[in-house]
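Each remark here refers to the structure printed beneath this line.
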Amino acid sequence: MAISIIICGLVRNIALLRDKIHTYQDWRQAGHVDKIVYATWIDEIDHYPGLRKELLDADVTLVEIEEPRLVLKSGHQLHQMLALHYWLAALGDVDQFVLKTLVDLAEVHPEMPYDFIHGTPLADDFAHFWIKHKILVEYAKMLFPFI
């Protein structure tokens, strides 16, 4: 089973972004990853000379949206949830897992492709939300539910 990957947020650390893209490209060549999307604010990519070309050459789909003017105490989480609609639309209507990650706040683990291949255990959908499988959230805080 192949998954798609959405990387979202500001570049902040171009070396980390490049490392992630290279890892995801390796996973794609191994057949574990379908599409790679990088979603950020308009003009963010162009602050880094040559980055747009690098991403396009790596067959990364770019989704750029307008940066919101309203910033809540905890950041842009609500805006990211609204933007998630656009990010997922870039993947098309596919029945697959999606790895949503950030450039600088989520690590890439070599063990991840195991779950891509084998899936995760079936979920007990007691509330009838049509959730088929358990979803892995590596780190989470109740006050920051969308990170």
Side-chain angles (χ1 to χ4, degrees), residues 1-120 123 129-147:
M1 166 192 287
I3 68 152
S4 286
I5 297 174
I6 298 173
I7 307 166
C8 60
L10 299 175
V11 174
R12 288 192 183 102
N13 185 328
I14 194 165
L16 281 177
L17 177 59
R18 285 181 175 136
D19 286 347
K20 283 190 174 189
I21 295 295
H22 290 293
T23 298
Y24 299 151
Q25 282 180 298
D26 290 345
W27 291 355
R28 182 167 46 198
Q29 287 179 345
H32 306 313
V33 170
D34 183 15
K35 294 182 182 176
I36 303 169
V37 174
Y38 179 51
T40 189
W41 309 133
I42 294 171
D43 294 329
E44 169 66 10
I45 295 169
D46 297 321
H47 290 130
Y48 301 86
L51 180 58
R52 181 176 299 276
K53 182 178 182 332
E54 283 181 53
L55 294 171
L56 293 174
D57 288 348
D59 195 24
V60 173
T61 302
L62 302 177
V63 176
E64 299 169 273
I65 59 174
E66 184 177 351
E67 183 173 357
R69 291 179 177 85
L70 172 66
V71 179
L72 302 175
K73 180 180 178 183
S74 58
H76 291 294
Q77 286 90 351
L78 292 177
H79 304 96
Q80 288 179 3
M81 290 307 296
L82 178 63
L84 185 59
H85 167 78
Y86 299 107
W87 306 340
L88 292 173
L91 299 177
D93 188 18
V94 292
D95 184 16
Q96 64 182 200
F97 287 109
V98 176
L99 171 64
K100 178 190 171 283
T101 186
L102 302 170
V103 173
D104 58 343
L105 294 178
E107 295 181 25
V108 175
H109 297 283
E111 299 84 13
M112 287 175 149
Y114 179 87
D115 286 330
F116 305 161
I117 297 166
H118 297 68
T120 58
F129 289 119
W130 305 284
I131 296 174
K132 297 177 189 175
H133 294 268
K134 292 183 179 179
I135 299 169
L136 172 66
V137 178
E138 186 178 10
Y139 300 104
K141 296 180 182 179
M142 287 301 291
L143 296 176
F144 303 111
F146 306 122
I147 290 182

So, do L91 and D34 sit near enough that their side-chain heavy atoms are less than 4.5 Å apart? no
Assess the residue pair T40 and C8 against the criterion (side-chain contact (heavy atoms from CB on, under 4.5 Å)); give the C-alpha distance rounded to whole Å, side-chain angles, the decisive distance to 0.1 Å, and a yes or no. CA-CA 6 Å; T40 189; C8 60; over 6 Å; no
Taking every non-hydrogen atom, the tightest pair across V11 and Y48: CB-CE1, 3.4 Å
Just how far is it from atom CZ of R28 to atom CG of D26, taken to the nearest 0.5 Å? 10.0 Å
Any V33 side-chain heavy atom under 4.5 Å of I3 side chain: yes
R52 side, atom CZ; D57 side, atom CG - distance, nearest 0.5 Å: 12.5 Å
Check: D19 main-chain N/O paired with Y24 side-chain donor or acceptor under 3.5 Å: no
With rounding to the nearest 0.5 Å, note down the distance linking CG in L62 to CD in E44. 12.0 Å
I need the I45 CD1 to K53 NZ distance, nearest 0.5 Å. 14.5 Å
Which residues satisfy the side chain to side chain donor-acceptor pair (under 3.5 Å) test with T101, sequence neighbours excluded? K20
Less than 4.5 Å apart, any side-chain heavy atom of V103 and any of L10? no
Tell me, do I36 and W27 make a side-chain contact under 4.5 Å, heavy atoms counted? no
Is the shortest side-chain heavy-atom distance between W41 and I65 below 4.5 Å? yes
Verdict with supporting geometry, W87 and K100, side-chain contact (heavy atoms from CB on, under 4.5 Å): CA-CA 10 Å; W87 306 340; K100 178 190 171 283; 3.8 Å; yes
Using side chain to side chain contact (heavy atoms under 4.5 Å, CB included) as the criterion, point out the one residue from V98, L88, T61 that pairs with V37. T61
Okay, side chain of S4, backbone of K35: is any donor-acceptor separation there less than 3.5 Å? yes
Does the side chain of L51 reach to within under 4.5 Å of the side chain of L17, using non-hydrogen atoms? yes
